[in-house]
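Encoded as C-alpha cells, the structure appears first; notes follow it.
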Number of protein chains: 2
Amino acid sequence: MQNIRTVTQNFDFHTHQFLNHISLDCVVFGFHDNQLKVLLIRMKYTKEWALPGGFVKEDESLEVAANRVLKDRTGLDNIFLKQFKVFSEPQRSDRNPAVKDLIDSGSNPDHEWFNQRFISIGFYALVDFSKAEPTPDFFSDLCAWKTLDEINTLILDHSQILNKALETLRLQLNYQPLGYNLLADKFTMPELQKLYETILGKELDRRNFQRKMLSYGILNKLQERKTGGAHKAPYLYEFNLENYQKALQNGLFGGW
Amino acid sequence: MQNIRTVTQNFDFHTHQFLNHISLDCVVFGFHDNQLKVLLIRMKYTKEWALPGGFVKEDESLEVAANRVLKDRTGLDNIFLKQFKVFSEPQRSDRNPAVKDLIDSGSNPDHEWFNQRFISIGFYALVDFSKAEPTPDFFSDLCAWKTLDEINTLILDHSQILNKALETLRLQLNYQPLGYNLLADKFTMPELQKLYETILGKELDRRNFQRKMLSYGILNKLQERKTGGAHKAPYLYEFNLENYQKALQNGLFGGW
DNA sequence: ATGTTAGTGTGTCATATTGACGCAATGATA
DNA sequence: TATCATTGCGTCAATATGACACACTAACAT
C-alpha cells in the first residue's frame, strides 16, 4: 500500500506559490436621520478612505475575526454579520501610482507586505447607529459614518465591495426580514418604511408597505405613540423576536 | 508628517500569525436520469470521498483557480460557477483520529502541511452531465458522479459544504433562472420540472409549473416533440438565451 | 382659539397571481 | 384495438397586489 509520502512527493507544496494573504473587509451599515450610513476609516498616512477590515489569526474563524474587528471599530458585541463575497482579483491590491510612491518611499521594510495581493472576504454588518462608537484602528486616524452620497473614492477595490454589499442587502430584503439590527427597539412604521426605501433606492406605497409588513407577523404593535413630530403621532412597533428569528430561518416571500 | 514606516513600526506583520492557507472546494452538480448528481473524488491513500478542490496560485483570482480545477476534473471550459460561502472554522481541518494516524505515520514531511487549518472558499458549479469527463487529481484515484443518497461521509467538513451548496441553490431558484447549464440544449417541460423538483426536494403541480415557467419568457417552444417515451410525446423546448441572460441579471420573482 | 398643513390610520376596489383541479388527446404496449 | 400513464390545454375560486379615497391629529402660524 502506498503511503502519503508516495502520494505527495511530487506535489510542490513548498514553493510558496500557494501561500496567499487573507484579509477581511466589513461594510458596516447603520441607519440615522432616515439615511443609510456606512462606517469608514481614513488612513493615517495617505488620508484615503477605506472600509474597516483586518486580518485573520490562525486560530480564528472568519466570523470570529470579523467580530473582533468590529468590536474594535464600534465597541459592539454580537453584531449581525454576513459574508457576501470574496474578492481575489490579482490586481485588486494595486494602488494608484501616487499612493504607491508614498508607500514605497522611506525605505519602508513593510512595503512588500502592503503590495501583496490580498484575498479579502467581504462581510456586511448591520448595527444600531446610536450604540456604535466609531474608533480608528492602527492604520487610520479617523473612523466615521458616511452617507452613501458622501462617499467618493475608496482605497483599492473598496468601492466595488461596498456596491456589492448594497446589492446583496437589496436581494436579501426579498426573502428575509430586516430592521431589528438597524433600528432602535421601538420604531414607527414610517421609519421602517424609510429604511426599506433607502436600501432599495425607491419609494414604496405607504399603505401597501404596512399591509405587507404586518402580514409577515414579525411586528408587535404597541399602544404607545411617538410624539414630538410635527404631525399626527404614529404608533410605535417592536419586533416580535420569536417570529423574526423564524422568518430569518425560513425566509419570507414576495419581493418588493 | 509621519511616514508609513512610523505608522507600521509596531504592527506585527512578520510573526506569521496572519499567514493563512487558502483552498477552494467545488460542489459540481449534474443532472442525469432525472436525478441530481454531485461530482466526488476518492482519496488515493485513505479512500475517503471528498469534493474536488484545489489551491489558489498567487497570480490567480479564485474564479480562475476554480475554473482551472474544474477543467482538470471534467474537461469542460466556461463552467457556470458561483462562490457561496467561505469555510474557516479552526477545527475544520481536523481529521478523524484513524485517518490522522495514517497521515502522520511514515515520517511524512508533508503532514504538517496537511494538518494546517485551511480557509476554503466554497463554489458550486452547474455542468452538463453528458459532456463532463470525470478525472481524478493528484491526490485521488477516482472521480465519479454520485446521487445525493449515495453519498455517506465525506472528508473533513465537506458534507457541510455540500449541504450549504444545496441550500444556496434552492434559494437562488427563487430569483434566478436555472437549467441552461444542467440540461441538454433541447429538453421537455417534464424534464425541467423534474430538475426543479429534485433541487427543491418536493413535488410541484405540473400545470402550474408550466404556466409559471412560460411566464418568465425564457423558453422557446419548438415544433419538435420527444418521441421514444412510452406515452404521449412531449414538446421540446430550448432556452431563449437572450432572455435567460437578462433574467439572470435582473432576477425573477415569486418563489416556489 | 382657530385654521392650516403635512403626515398618519384605515379601508376599498379592480386586477393579477396562485393553487387546485378537469378533461380530452396521444403514443407505446399488451 | 383496448389500455394506460402521461401530456396539452383549460377552468375557477381564493388570495395577493397595486392604486387610490377619506377621515384623523399634532404642531404651528395667525
Side-chain angles (χ1 to χ4, degrees), chain A residues 33-35 173-175 177 179 183-184 186-198 200-238 247 250-256, chain B residues 33-35 173-175 177 179 183-184 186-198 200-238 247 250-256:
Chain A
D33 262 353
N34 279 344
Q35 286 199 297
L173 223 49
N174 289 316
Y175 58 92
L183 297 174
K186 298 175 180 181
F187 52 90
T188 67
M189 192 62 78
E191 282 168 358
L192 184 58
Q193 183 180 341
K194 260 283 172 241
L195 173 57
Y196 271 72
E197 289 181 335
T198 310
L200 291 169
K202 71 177 176 192
E203 303 205 332
L204 302 170
D205 183 276
R206 187 170 63 85
R207 296 148 284 190
N208 295 337
F209 176 83
Q210 164 152 324
R211 179 176 52 195
K212 187 162 196 164
M213 194 54 72
L214 288 178
S215 78
Y216 291 148
I218 58 174
L219 295 179
N220 293 335
K221 183 175 183 173
L222 305 177
Q223 285 316 310
E224 233 174 317
R225 308 173 88 124
K226 173 170 184 167
T227 61
H231 305 290
K232 180 169 179 176
Y235 281 103
L236 286 168
Y237 291 83
E238 63 183 10
N250 308 333
L252 303 169
F253 268 115
W256 293 97
Chain B
D33 262 352
N34 278 345
Q35 287 198 295
L173 222 51
N174 288 316
Y175 59 93
L183 297 174
K186 297 175 182 180
F187 52 90
T188 67
M189 193 60 78
E191 282 167 358
L192 183 58
Q193 183 180 342
K194 261 280 172 246
L195 173 57
Y196 271 71
E197 290 180 334
T198 311
L200 291 171
K202 70 178 177 191
E203 303 206 331
L204 302 169
D205 183 276
R206 187 171 63 86
R207 294 147 284 189
N208 295 338
F209 176 83
Q210 164 150 328
R211 179 175 53 193
K212 186 162 197 164
M213 193 54 70
L214 288 178
S215 78
Y216 292 149
I218 58 173
L219 295 179
N220 293 335
K221 182 176 183 173
L222 305 177
Q223 286 316 309
E224 231 173 319
R225 309 172 88 124
K226 172 168 185 167
T227 59
H231 304 290
K232 180 167 179 177
Y235 281 103
L236 286 168
Y237 291 83
E238 64 184 9
N250 307 334
L252 304 169
F253 268 116
W256 293 99

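Below, chain A is the first sequence line, B the second, and so on; all start at residue 1.
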Using a cutoff of under 3.5 Å, can you pull out all pairs of nitrogen or oxygen atoms linking the protein to nucleotides 9-16 of chain D, with atom names and distances?
| from | atom 1 | to | atom 2 | distance (Å) |
| --- | --- | --- | --- | --- |
| dC9(D) | OP2 | Lys221(B) | NZ | 3.1 |

Q: Could you check if a side-chain atom of Leu219(A) sits within less than 4.5 angstrom of a side-chain atom of Leu192(A), using non-hydrogen atoms only?
A: yes
Q: Return the value, rounded to whole Å, for the distance between atom CG of Leu222(A) and atom C1' of dG9(C).
A: 16 Å
**Q.** Non-hydrogen atoms of Ala233(A) and Lys226(A) that approach each other most closely
**A.** CB-O, 3.5 Å
(Q) Regarding Ala230(A), tell me which of base, sugar-phosphate or nothing describes its non-hydrogen contacts under 4.0 Å with the strands shown. (A) base
Q | Distance in angstrom units between Lys232(B) NZ and dT26(C) C1', rounded | A | 5 Å
Q.
What is the separation between atom CE on Met213(A) and atom P on dG18(D), rounded to the nearest whole Å?
A. 13 Å
Q: Please figure out whether Gly228(A) or Ala233(B) has its closest DNA chain D nucleotide nearer the 5' end.
A: Ala233(B)
Q) Closest approach of Asn34(B) and Thr198(B), non-hydrogen atoms and distance? A) O-OG1, 4.0 Å
(Q) Minimum heavy-atom separation for Phe187(A) and Glu238(A), please, with both atom names. (A) CE2-CA, 3.8 Å
Q. If every non-hydrogen atom of Gly179(B) is compared with every non-hydrogen atom of Leu195(B), which pair is closest and at what distance?
A. CA-CD2, 3.9 Å
Q. Quick one: Lys212(A) NZ to dG11(C) P, roughly how many Å, whole number?
A. 20 Å
Q | Euclidean distance, atom CZ of residue Arg225(B) to atom P of dT6(D) [Å, nearest integer] | A | 17 Å
Q. Between atom NE2 in His231(B) and atom P in dA5(D), what is the gap in whole Å?
A. 8 Å
**Q.** Between C1' of dG19(C) and CD of Glu203(B), the distance in whole Å
**A.** 16 Å
Q: Give the rounded distance in Å between these two atoms: CG of Asn174(B) and P of dT18(C).
A: 12 Å
Q) Picking from Gln193(A), Glu203(A), Glu197(A), what satisfies side-chain contact (heavy atoms from CB on, under 4.5 Å) with Phe209(A)? A) Gln193(A)
